Structures are given as C-alpha cells and as structure tokens.
Amino acid sequence: GVCYLEGNMYYGYLSVDVGGTPPDLSLTLSPANLTVAPGETVTLTATVTNQGPGMASRVTVAGFTNLTQFGGLIVTPSQGTCATPAPGASLTCTLRNLLEGGSATITLQGTAPASLIPDGQTSITLDVHASVSFGTVDSQPGDNTAVSRVTVTRPDPLPTIDFGPTGYLGCGEGTAP
C-alpha cells in the first residue's frame, strides 16, 4: 500500500493484484494545433480517460515542458494537484484515483512570449508532449502519450508609406468630385 498526506487529508491506497486485465488509460491534448501571436493567451486541455476495466490508482500526468516557458502559467486540474515547475522544467500532476469510465482534465493557460522566437525568424513551433501513468502497467500503453503543436508567430509588420519630398500624401491633380 501507499500512503501520503495532502493538505490536511491523509490518503491511503492498497493495490492487490487479483489477476485479470489492468485498466487502459488514454491521454489527449487539445487543441492539437494552435497558432498565436506573442502576448496572446494559450490554453491547452489534457484529458485522461479510464477505459477500464476497473479503477486506476495513483494516476499521474507529466510533461508539458515547452509550455512551462510561457509567462504566467496557470495549471488547473479537475482533481488532485499539480506541482509548479521552474520555467522549462517538466510539470507533474497527481490526479489520484480514476474510476472505470471516468475522466479528469488539466487546463493549462499561459502567455506566449516573444522571446521564444529566435532572432531573424518570424515564428517558432513548439511540440508540447505529455504522458499518463498509474500504479500498474497499462493494458494498452499506445494511447498514454499526447502532443499539441503550438506555433508562436510575430504578426506581419505594418507596411510603410513613402510620403515623398513634400512630407504629405497628396490626392493627385485636379479637384475632388
């Protein structure tokens, strides 16, 4: 069994292998592709679903490394807790138990910084990877990872207008109708 203290609540888990097929967890990230300008808010949602059979204990989602570079990152799990990482470090969320047929979400919001775009380039594409695991071996691990592609693009610069030697833009010769 595993025990831990979270806040003022004490949690204990007892895992007993009675044979049979372990649960199958799946992870999705949405949206799959997102393009934003520097200063805009990026919102990604990770969804973990227990496709059964049975309950999955000690469910953990980790990753999101590229997204932790975004400013003012706010991470909100629907259950459990998430550790606040240093910029550029992996984020880990402990979602506790997930009943068969149940799901849990993690919403991540941050501001896309212009500093991510290398000098001389107009954009950068970051793949945000995440993976889910739990207290035993997943019966179908092929759907335990997900990726979302976030592109940060500088807007096109405004066109310049040549006002000529007079310093103003004329309407041409003649009079207006």
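A quick note: this is a predicted structure, and the numbers were derived from the prediction, not measured. All values below were derived from every heavy atom in this structure, side-chain atoms included, with hydrogens, water molecules and symmetry-related copies excluded.
Residues Arg96 and Val59 have side chains not in contact (no heavy-atom distance under 4.5 Å, counting atoms from C-beta outward). Under the 4.5 Å side-chain criterion, counting only non-hydrogen atoms from C-beta, Val147 is not in contact with Val128. At a threshold of 4.5 Å between non-hydrogen side-chain atoms, the residues Thr111 and Phe70 do not count as touching.
Sorted by first then second residue, the side chain to side chain donor-acceptor pair (under 3.5 Å) pairs that include residues 129-139, not counting sequence neighbours, are Asp138-Asn144.
Expressed to the nearest 0.5 Å, how far OG of Ser57 lies from CG of Asn97 amounts to 5.5 Å. Distance check, rounded to the nearest 0.5 Å: CD1 of Ile106 to OG1 of Thr76 gives 10.0 Å. The CZ atom of Arg149 sits 7.0 Å away from atom OG1 of Thr151, with the distance rounded to the nearest 0.5 Å.
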Review item, side-chain donor-acceptor pairs of residues 38-48, under 3.5 Å, at least two apart:
residue: Glu40; atom: OE1; partner: Ala37; partner atom: N; Å: 2.9
residue: Thr43; atom: OG1; partner: Gln109; partner atom: NE2; Å: 3.1

Show every donor-acceptor pair shorter than 3.5 Å between a side-chain atom in residues 23-35 and any protein atom, with sequence neighbours excluded, or say none if there are none.
residue: Ser26; atom: OG; partner: Gln51; partner atom: NE2; Å: 2.8

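One N or O on the side chain of Thr68 and one on the backbone of Ala89 form a donor-acceptor pair closer than 3.5 Å. Within the 3.5 Å criterion, the main-chain N or O of Gly54 finds a donor-acceptor partner in the side chain of Glu100.
A donor-acceptor contact closer than 3.5 angstrom links the side chains of Asn66 and Gln69.
Every residue two or more places apart in sequence or in another chain that forms a side-chain contact (heavy atoms from CB on, under 4.5 Å) with Ala104 is listed here: Ser78, Gln79, Leu95, Leu98. When the side-chain contact (heavy atoms from CB on, under 4.5 Å) test is applied to Ile124, the partners found at least two apart in sequence or on another chain are Leu116, Ile117, Pro118, Leu126, Val152. Not counting sequence neighbours, the partners of Ser90 by the side-chain contact (heavy atoms from CB on, under 4.5 Å) test are Ala62, Thr65.
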Would Leu73 and Leu67 count as a side chain to side chain contact (heavy atoms under 4.5 Å, CB included) if you check the C-alpha gap in whole Å, the side-chain angles of each, and the deciding distance to 0.1 Å? CA-CA 8 Å; Leu73 185 64; Leu67 197 60; 4.3 Å; yes
Assess whether side chain to side chain contact (heavy atoms under 4.5 Å, CB included) is satisfied between Leu108 and Leu91, documenting all intermediate values. CA-CA 11 Å; Leu108 303 105; Leu91 170 74; 3.5 Å; yes
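Contact between Asn50 and Ala56 at its shortest, heavy atoms only, is ND2-N, 3.4 Å. Across every non-hydrogen atom of Arg154 and Gln121, the tightest pair is NH1-O, 2.5 Å.
Neither Met55 nor Val132 shares a network with the other; the hydrophobic side chains, linked directly or stepwise wherever heavy atoms of I, L, V, M, F, W or Y lie under 4.5 Å apart, form separate groups for each.
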